[in-house]
Amino acid sequence: MLEGPYGLVFVALGATLGGLLLVAFALAAVYVLVSFSHWIVDRRLRGVEPGLPSREHLDALTATFTGELISAGTFFALHPFGSIDPPLPPEKLVRQGRPLLLVHGFMQARSNFVLLGPRLAGWGLGPIFTVNLRTMDGDLEHHARVLSERIDQIRRATGARQIDCVAHSMGGLVARLAEAGRKEPRIRRLVTLGTPHHGTQVALVALGPAARDMRPGSEVIRGLPPPPPGQLVSISSTHDFMVIPPESARVAPEGRDVVVRHVGHLALLTDHEVSLEVVRALGEDILLRRTSDLFEPVEAREPELAASP
């Protein structure tokens with residue numbers, strides 16, 4: 001047993017961490033309960049969710065609910081640490097592959113990639129960079145300018161002409177806006193996770209200018225320019241509690257859609273199969289396909305990473 005001042009410090013740290021976890025998972029429980037209830041009501045009104053679901057269906061929903069709760073609690077607990085801005089890239093970085101930028105979503109932080117980032121690095125992707133968008137500070141156009149500067153920082157540091165980008169939720173819209181109107185795209189491949197490309201009903205009750213921009217039919221949503229051919233891959237879930245309706249995350253025919261089931265909004269960042277889909281999307285060179293099959297479904301296979309230019 002620790003005694004004296006060291007013991008007091010140990011107890012204080014333990015109490016602080018315990019309190020942080022308690023608050024984080026309490027907030028996560030509220031978030032999941034509210035968003036899950038909204039999702040259930042919407043699906044029943046549209047006749048998608050059965051009134052008397054089978055036992056297998058209930059078990060799957062319970063697993064989805066639990067996975068989202070664990071993911072949300074973890075990310076909420078890490079948020080204070082993730083709110084610290086990443087360092088600027090060094091003036092010159094030894095380039096080993098195509099740079100990969102990870103962009104978080106609304107009211108989140110770069111710590112959301114605590115699992116996905118190392119997984120992608122383990123597959124040989126990167127070097128990997130992150131960014132912090134203080135999402136309550138401005139609208140999507142403001143965040144697009146912040147992201148655009150980060151992209152240029154990375155390109156200057158690595159000497160890369162193009163980077164890849166994996167963006168979660170609101171981050172996907174910000175990345176698309178950052179590239180709007182450019183003749184020479186800086187992002188070779190943009191993979192979005194649970195991004196409301198056509199807006200989401202949840203934004204109707206969210207606060208802040210960025211949330212207003214994500215409402216269905218907003219000026220920003222209606223004015224989104226089409227991405228360059230072969231750039232955009234959207235990974236979405238039929239059980240995403242924050243993108244309502246889930247079809248709002250679909251991008252075909254302008255991009256390729258990968259749709260998964262029983263994965264929550266934040267759990268898209270922790271699910272192993274989703275991680276593999278991200279690697280496949282970044283690794284396949286769909287720019288070399290014929291236009292007619294540019295966005296055909298990709299069969300399940302081991303990821304094959306494309307060679308860096």
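Quick note: residue numbers are just sequence positions, from 1. Computed from a prediction, not measured in an experiment: that's the story for all the values here.
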Legend entry - Partners passing salt bridge (Lys or Arg N to Asp or Glu O under 4.0 Å) against D137 (at least two apart in sequence or in another chain): none

Inset, instruction - Please name the pair of heavy atoms, one in G138 and one in H143, separated by the smallest distance, quoted to 0.1 Å. - result: O-NE2, 3.0 Å

Inset, instruction - Please confirm whether the backbone N or O of V259 pairs with a side-chain atom of R250, one donor and one acceptor, at under 3.5 Å? - result: no

Legend entry - Donor-acceptor under 3.5 Å (R119 side chain, T270 main chain): yes

Legend entry - For T64, all residues meeting side-chain contact (heavy atoms from CB on, under 4.5 Å), sequence neighbours excluded: H239, F241, H262

Inset, instruction - Using atom types as modelled and distance alone, determine if a side-chain donor or acceptor of T195 lies under 3.5 Å from a backbone N or O of S169. - result: yes

Inset, instruction - Keeping the roles fixed (side chain from S237, backbone from V263), state whether a donor-acceptor pair exists under 3.5 Å. - result: yes

Legend entry - Validation row: E68, L266 side chains within 4.5 angstrom (heavy atoms): yes

Inset, instruction - Drop me the distance from N132's CG to L147's CG, to the nearest 0.5 angstrom. - result: 11.5 Å

Inset, instruction - Would you confirm whether R110, through its side chain, and F129, through its main-chain N or O, come within 3.5 Å as a donor-acceptor pair? - result: no

Legend entry - Carboxylate-amine/guanidinium contact D164 R188, below 4.0 Å: yes

Legend entry - Steps toward side-chain contact (heavy atoms from CB on, under 4.5 Å) verdict (D213, I221): CA-CA 7 Å; D213 285 345; I221 293 296; over 6 Å; no

Inset, instruction - Indicate yes or no for a side-chain donor-acceptor contact from R150 to the backbone of V131 under 3.5 Å, with no hydrogens or angles considered. - result: no

Legend entry - Partners passing salt bridge (Lys or Arg N to Asp or Glu O under 4.0 Å) against D271 (at least two apart in sequence or in another chain): none

Inset, instruction - May I ask you to decide whether E277 forms a salt bridge with R280, counting only side-chain N to carboxylate O separations under 4.0 Å? - result: yes

Legend entry - Geometric class of the H168/H265 ring pair [parallel <30°, tilted 30-60°, perpendicular >60°]: tilted

Legend entry - Least distance between heavy atoms, M170 atom then A210 atom: SD-CB, 4.0 Å

Inset, instruction - Using a cut-off of 6.0 Å, state whether more than 12 heavy atoms not belonging to R46 lie near its atom CZ. - result: yes

Legend entry - D257 side chain vs A252 backbone, donor-acceptor pair below 3.5 Å: yes

Inset, instruction - Nearest 0.5 Å please: distance from the CG atom of L140 over to the CG atom of L133. - result: 10.0 Å

Inset, instruction - State, without any angle test, whether H197 and T192 hold a side-chain donor-acceptor pair at a distance under 3.5 Å. - result: yes

Legend entry - M214 side, atom CE; L204 side, atom CG - distance, nearest 0.5 Å: 11.0 Å

Inset, instruction - Flag the pair R156 and E149 as a salt bridge only when some basic side-chain nitrogen lies within less than 4.0 angstrom of an acidic carboxylate oxygen. - result: yes

Legend entry - Minimum heavy-atom distance between W39 and D240, given as atom pair plus value: CD1-O, 3.5 Å

Inset, instruction - Could you go through the side-chain contact (heavy atoms from CB on, under 4.5 Å) check for L125 and L282 one step at a time? - result: CA-CA 9 Å; L125 294 165; L282 292 173; 3.7 Å; yes

Legend entry - E254 side-chain N/O to P227 backbone N/O, donor-acceptor pair under 3.5 Å: no

Legend entry - Residue of the set P226, P185, C165 for which side chain to side chain contact (heavy atoms under 4.5 Å, CB included) holds with Q231: P185

Inset, instruction - Give, for atom CZ of F75 and atom CZ of F113, the distance between the pair rounded to the nearest 0.5 Å. - result: 8.5 Å

Legend entry - Atom pair CG/OG of L224 and S218 - distance to nearest 0.5 Å: 8.0 Å

Legend entry - Taking every non-hydrogen atom, the tightest pair across P225 and A180: CG-CB, 3.6 Å

Inset, instruction - Show your reasoning for whether side-chain contact (heavy atoms from CB on, under 4.5 Å) applies to L116 and L102. - result: CA-CA 9 Å; L116 182 59; L102 309 179; 5.5 Å; no

Inset, instruction - Specify the closest pair of heavy atoms between F65 and V32, including all atoms of both residues, with the distance to one decimal. - result: CE1-CG1, 3.3 Å

Legend entry - Side chain R222, main chain H198, donor-acceptor under 3.5 Å: no

Inset, instruction - Take R189 and V166 through the side-chain contact (heavy atoms from CB on, under 4.5 Å) test and state the conclusion after the steps. - result: CA-CA 8 Å; R189 183 70 36 75; V166 175; over 6 Å; no

Legend entry - Any donor-acceptor pair under 3.5 Å from T200 side chain to A203 backbone: no

Legend entry - Where Q162 and R98 come nearest, the two heavy atoms and their spacing: O-CG, 3.7 Å

Inset, instruction - Quick one: pull up OG1 in T130 and CG in N112 and give me the separation to the nearest 0.5 Å. - result: 11.0 Å

